[in-house]
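Take a look at the structure below.
Values below: every heavy atom of this structure, side chains too, minus hydrogens, waters and symmetry copies.
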Amino acid sequence: MYKAIDAHIHLDMYPEVRAREICEELVSNNVLGLVAVSRHLASCQATQRMRELYPDRVWAAYGFHPEQALPSDAELAHLLAWIRERKDEMVAIGEIGLPYYTRTEVEVDGRHFDEEPYVELLEQFIALAAELNKPVVLHAVYEDADVVIDLLHKHGVSKAHFHWFKGSVSTIRRMIEAGNFISITPDVCYEDEIRTLVREYPLTHIMVETDGPWPFEGPFEGQETHPRMVHAVIEQIALLKGLAVAETAAIVRGNTERFYGLNARDKD
């Protein structure tokens, strides 16, 4: 069977014993490895531990997830210094972005949400990516993606991965023109918005992910999110693109390897 890579997962959000089990189960599930993203310093450190345990299966990305309270100046300085010291062991800066869902919840309640400090924080991480010559893994959907695209252009960062992206036709066009990558989750099996995105986006710039442990619906209702689910994602992409599954899998895997500079060896 064809091999695949989960391009976005939060290994640190699983109980550590279970995270180790998942990494052990990859071979039997025809998954070559995982790009493990991080949410804050403790999360980065947990990701680092998994990378050290499974250096040929876990590729680490370090960053600060936007859907949480802002770090203090001291916390941010510590995190940025920690990341700089580990530039050679990580494949990307991430997960970073803007707090679309937090902002939306606040605004629905009729309250004001000041996003500017989050934009400033994101810009620091994008500048860091430019400094270290690393790709970025982005949490940026709908109108937030346009703000991010402008910041990427400002700092000359061309390698950008918008994970689980959702947005307007005009934003999608901007991303395609910029050569940005996206990754598709298992909800492609039941969400029309994601299925439309797959039809419109070039296969040469698509990866697959689980965003585990985030739970999914449809055929995955009640299941633990596991990297093996990327095979169902690839099958749906193949169907939507009118291609053979093996061909689609090879293209998607190659995209991930090139984008992140991976040396993904078969572990048969």
Side-chain angles (χ1 to χ4, degrees), residues 4-26 29 31-55 57-71 75-76 78-79 82-83 86 89-102 104-105 118 121-122 125 135-141 161-166 182-188 194 207-218 220-233 256 260:
I5 296 171
D6 186 340
H8 188 100
I9 188 171
H10 296 267
L11 271 183
D12 70 292
M13 293 182 71
Y14 293 85
E16 186 165 337
V17 171
R18 182 58 186 138
R20 293 187 186 197
E21 290 173 348
I22 287 171
C23 290
E24 295 286 352
E25 293 163 2
L26 296 181
N29 284 280
V31 177
L32 290 175
L34 318 167
V35 177
V37 297
S38 309
R39 300 169 291 135
H40 42 63
L41 180 58
S43 170
C44 289
Q45 292 167 337
T47 300
Q48 182 189 42
R49 287 195 297 274
M50 295 305 298
R51 176 194 174 274
E52 290 172 347
L53 286 169
Y54 301 97
R57 302 182 193 183
V58 175
W59 300 289
Y62 301 138
F64 188 89
H65 198 289
E67 302 281 358
Q68 61 183 316
L70 290 162
E75 288 169 338
L76 177 59
H78 187 188
L79 176 57
W82 189 93
I83 291 174
R86 290 155 182 83
E89 72 180 50
M90 66 182 183
V91 297
I93 301 290
E95 178 173 358
I96 58 175
L98 294 175
Y100 176 85
Y101 299 105
T102 301
T104 300
E105 285 184 14
Y118 286 90
L121 176 65
L122 171 60
F125 279 102
V136 289
V137 188
L138 295 160
H139 172 95
V141 296
H161 169 192
F162 287 77
H163 103 94
W164 204 339
F165 177 75
K166 297 174 275 288
I182 62 170
S183 52
I184 304 301
T185 67
D187 71 343
V188 71
I194 304 302
M207 297 182 268
V208 292
E209 61 157 305
T210 60
D211 200 26
W214 185 269
F216 290 92
E217 302 172 11
F220 312 103
E221 185 76 39
Q223 296 182 31
E224 174 197 54
T225 297
H226 190 285
R228 64 174 170 266
M229 291 179 179
V230 296
H231 294 299
V233 179
T256 311
Y260 283 110

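- Between H163 and H139, the ring planes are tilted. Angles from 30° to 60° get that label.
- Pairing each heavy atom of Y118 with each of Q68, the nearest pair is OH-O, 2.8 Å.
- For the residue pair F220 and A232, the shortest heavy atom distance occurs at CZ-CB, 3.9 Å.
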Exercise for the section: Determine, step by step, whether L41 and E75 satisfy the side chain to side chain contact (heavy atoms under 4.5 Å, CB included) criterion, reporting the C-alpha distance in whole Å, the side-chain angles of both residues, the deciding distance to 0.1 Å, and the verdict. Expected result: CA-CA 8 Å; L41 180 58; E75 288 169 338; over 6 Å; no

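- Heavy-atom minimum distance, Y101 versus V141: OH-CG2, 3.9 Å.
- The nearest pair of heavy atoms linking Y260 to A92 is CE2-CB, 3.6 Å.
- Of the residues listed (E95, H10, R39), the one engaging H65 in a side-chain hydrogen bond (donor to acceptor under 3.5 Å, both in side chains) is E95, and it is the only one.
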Practice task
Begin from the C-alpha positions of R49 and Y54 and carry the test side chain to side chain contact (heavy atoms under 4.5 Å, CB included) through to its verdict.
Solution key: CA-CA 9 Å; R49 287 195 297 274; Y54 301 97; over 6 Å; no

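- Under 4.0 Å is where a charged nitrogen must lie from a carboxylate oxygen, and between E25 and R18 at least one such pair does.
- To the nearest 0.5 Å, the span separating CG on D12 from CD on E16 amounts to 10.0 Å.
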Practice task
I would like to know whether V137 and I96 meet side chain to side chain contact (heavy atoms under 4.5 Å, CB included); could you show each step before the answer?
Solution key: CA-CA 6 Å; V137 188; I96 58 175; over 6 Å; no

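- A 4.5 Å side-chain heavy-atom check between I5 and L34 finds every atom pair outside the cut-off.
- Between V37 and I9, every side-chain heavy-atom pair lies at or beyond the 4.5 Å cut-off.
- If you take CE on M13 and OG1 on T225, they are separated by 11.0 Å, rounding to the nearest 0.5 Å.
- Of the residues P186, P227, S183, the one that meets the side chain to side chain contact (heavy atoms under 4.5 Å, CB included) test with E209 is S183.
- Screening T47, V58, D6 for a side chain to side chain contact (heavy atoms under 4.5 Å, CB included) involving L11 leaves a single residue, V58.
- Between the CG atom of L32 and the OG1 atom of T256 there is a distance of 10.0 Å, given to the nearest 0.5 Å.
- In plain terms, the two heavy atoms of V91 and P135 that are nearest each other are O-CD, 3.2 Å.
- Scored by the salt bridge (charged side-chain N to carboxylate O under 4.0 Å, His left out) test, E217 finds no partners at all (sequence neighbours excluded).
- Between the CH2 atom of W59 and the CZ atom of R51 there is a distance of 11.5 Å, given to the nearest 0.5 Å.
- Put simply, CD1 on I194 and CG on D187 are 4.5 Å apart, with the number rounded to the nearest 0.5 Å.
- Each of Q48, R86, E89 was evaluated against Y62; a single residue qualifies, E89, per the side-chain hydrogen bond (donor to acceptor under 3.5 Å, both in side chains) test.
- Note on E24 versus R20: no salt bridge recorded, every NZ/NE/NH1/NH2 to OD/OE distance being 4.0 Å or above.
- The side-chain heavy atoms of T210 and H8, taken from C-beta on, include no pair separated by under 4.5 Å.
- No side-chain heavy atom of I83 sits under 4.5 Å from any side-chain heavy atom of F64.
- Atom CD1 in I93 sits 11.5 Å away from atom CG in L122 (nearest 0.5 Å).
- At least one donor-acceptor pair closer than 3.5 Å links the side chain of R57 to the backbone N or O of C23.
- For W164, the CH2 atom counts as densely surrounded, since its 6.0 Å shell holds more than 12 non-hydrogen atoms of other residues, nucleotides or ligands.
- The two residues S38 and A61 come nearest to each other via the heavy atoms OG-O, 2.7 Å.
- In this structure, the side chains of W82 and Q45 come closer than 4.5 Å at one or more pairs of heavy atoms.
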Practice task
Any chance you could lay out the side chain to side chain contact (heavy atoms under 4.5 Å, CB included) test for F216 and T185, step after step, and finish with the verdict?
Solution key: CA-CA 9 Å; F216 290 92; T185 67; 3.7 Å; yes

